[in-house]
2 protein chains.
Amino acid sequence: MTNDSKEPDLQRSLTLLWSGRAEGRRGPRPQLTVEGIAQAAVRIADADGVKALSMQRIAAELGYSTMSIYNHIPSKDLLLEVVADVAAGQPPELDDTDDFRRAVRRWVAALWAGFQQRPWILHVSLGHAPIGPRQLAWLDQLLRPLLKAGLAGGEARAAALHLTAVVRGVAQISADMTSAHKTGDGIPHRESEVARALVELIDPRDYPALAAVYAAEAAAGPPEEEESLPGALSFGVDRFLDGVEAWVAAKAR
Amino acid sequence: MTNDSKEPDLQRSLTLLWSGRAEGRRGPRPQLTVEGIAQAAVRIADADGVKALSMQRIAAELGYSTMSIYNHIPSKDLLLEVVADVAAGQPPELDDTDDFRRAVRRWVAALWAGFQQRPWILHVSLGHAPIGPRQLAWLDQLLRPLLKAGLAGGEARAAALHLTAVVRGVAQISADMTSAHKTGDGIPHRESEVARALVELIDPRDYPALAAVYAAEAAAGPPEEEESLPGALSFGVDRFLDGVEAWVAAKAR
DNA sequence: TGAAACTATGTATAACATACAGAATTATGT
DNA sequence: ACATAATTCTGTATGTTATACATAGTTTCA
């Protein structure tokens, strides 16, 4: 591989993520590939969480020596970037005839489902904007309905950033996402459990608004989850889309 | 301390975060405190990033032996939870006379500024909803204008979750946040640099929307950042607030 | 036909979280 | 007053980790 040292960090990430195969290379045919390594890592993380991702474990999974991985990927941090991209998988195909709201909602639901299937992704920290092919495929898929709805380029980008951030952020915060034995430090408690424990700790004089909200919540009982999305995420996304719609309408006039 | 083993994870986190001092305790007076340990950790992370946070380093910073920390905090994961809370600091005091939009925007700006000052926070992964006193103080402060605007309890909670997630998410994705030498794996590249590098990689046939957006962006030149917030974050938050406002208005009618 | 570039491997090292076992110190029940 | 139990701090030990480095074999290019 030999894209060692020198290059600036970004270039290094990019050449790794978009590993363009060099044709005429000297040396033995590589038996391992960046893709293969990342896939093995995903398999391990799926099974035992992100804490279980060690170079040794990945190499063992592939049946090669630990150090052989370093011939293809210069560090674990870079590896994790590739893993995050591979784990993202393919974005949903959005029906082009759908109206923009439906399309965006389906995209959001798909991303949410992805985080449910691979909660460990939430524990590998993003270092920067999406730059891998699969992450960008997701982004591209989201941009389509946004552009079609009438947003300008920069606006669509901002909106996509917003939505991506929301889903990821809500997933991170939602307790029931990060199941315990997978992440090693996750806490598999549901919302209500947290609420119950907190009510005793928060003094309404220190946290008046919070206390009020929790009180109202307790009185109302547990919210019912209609669809595939939790109500809280749904509400936020819908309000955001309301705002986007209004904005587009105002621009058009 | 001796809140070892048994307790369920959530209880363990809570007693740690809200460390209610037991009065009549046997044994020597503790010289270390949970707070003090966390503050030392914050000092280190501020200086050298989250990668530099080791039990040994923290203990050294305090002038105690490594293992003494474990008398107060049962594991590094729990430590990080406390650190995340301590590092959050105090939320901004929001002017009660401000209208709801102004108040929320100020809250968002404050949180954003917080992430700029301590980008490493973005690299300690949240395991669950906010449960520490300082995190909850932030939440409470945000809930006030939302409730005052006319949202119901559950709606305000959802909106607050949404906004928190957005700011955190956008901060994580924004390249210029995570500076390299602090996080160890951050990449300090600005947006434009990423864009320039990507334009060569993405095939408009695979990523049509993305290519269109980047093309438009390149033609328009770099966006100008008016205020303390980056334009992309601003746009999303404003659209969201538009939607919330409309929602409240619709409910009132 | 080298020489250069590359891959896979084994060994080595330093850092790390944390288990465990004293020794010292305090509060509590007698 | 005294013994006991609980608790703190410390030192030592263990297993895991990322990764540097050297080596031997393999392929391509000059």
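Of the side-chain N and O atoms in B:S65, one or more sit less than 4.0 angstrom from OP1 or OP2 of D:dT10. Remark: B:Q56 is not in phosphate contact with C:dA15, judged by side-chain N or O atoms under 4.0 Å from OP1 or OP2. Within the structure, every side-chain polar atom (N or O) of B:H72 is placed at least 4.0 Å from both OP1 and OP2 of D:dT7. Under 4.0 angstrom from either OP1 or OP2 of D:dT26 there lies no side-chain N or O belonging to A:R25.
Closest approach to the B:K76 side chain among D:dT19, C:dT18, D:dT7 is made by C:dT18 (side chain taken as heavy atoms from C-beta onward). Here the nucleotide nearest the side chain of A:S54, chosen from C:dA8, D:dG11, D:dT17, is D:dT17. The side chain of A:Y70 lies closest to D:dT19, out of D:dT19, C:dT26, C:dT18. Proximity note for A:P28 (side chain, C-beta onward) versus D:dT7, D:dT19, C:dT7: the nearest is C:dT7.
Two residues, B:G27 and B:S68, neighbour DNA chain D, and the one matched to the more 5' nucleotide by heavy-atom proximity is B:G27. Along DNA chain C, the nucleotide closest to B:M67 and the one closest to A:Q31 are compared, and the more 5′ of them pairs with A:Q31. Map A:R29 and B:L53 each onto its nearest nucleotide of DNA chain C; the residue landing nearer the 5' end is A:R29.
Per the geometry, CG belonging to A:L32 stands 13 Å off C1' belonging to C:dC6, to the nearest Å. Between the CD1 atom of B:I69 and the C1' atom of D:dT7 there is a distance of 17 Å, rounded to whole Å. The distance from atom OH of B:Y64 to atom P of D:dG11 is 13 Å, rounded to the nearest whole Å. The distance between atom CD1 of B:I73 and atom C1' of D:dC9, rounded to the nearest whole Å, is 15 Å. As rounded to whole Å, 12 Å separates atom P of C:dC16 from atom CE of B:M55. As rounded to whole Å, 15 Å separates atom C1' of D:dT8 from atom CG of B:L62. Nucleotide C:dA5 holds its P atom 16 Å from the CG atom of A:N71, rounded to whole Å.
A:W138 places none of its side-chain heavy atoms less than 4.5 Å from the side chain of A:L143.
Under 3.5 Å, the side chain of B:R26 and the base of D:dA5 form at least one donor-acceptor pair of N or O atoms.
Ion pairing of B:K51 with A:D77 is present here, as a side-chain N (NZ or NE/NH1/NH2) and a carboxylate O approach within less than 4.0 Å. A salt bridge between B:R134 and B:E81 is absent, with no side-chain N of the basic residue lying under 4.0 Å from a carboxylate O of the acidic one.
No contact: B:L79 has no heavy atom under 4.0 Å from any strand. Across all strands, B:S75 comes closer than 4.0 Å only to sugar-phosphate atoms, never to a base (heavy-atom distances).
Here the shortest heavy-atom pairing between A:L79 and A:I58 reads CD1-CD1, 3.5 Å. For the pair B:R168 and B:V124, the tightest heavy-atom approach, listed with the atom from each and the gap, is NH2-O, 3.0 Å. Scanning both residues, A:A195 and A:Y214, for their nearest heavy atoms gives CB-CE2, 3.9 Å.
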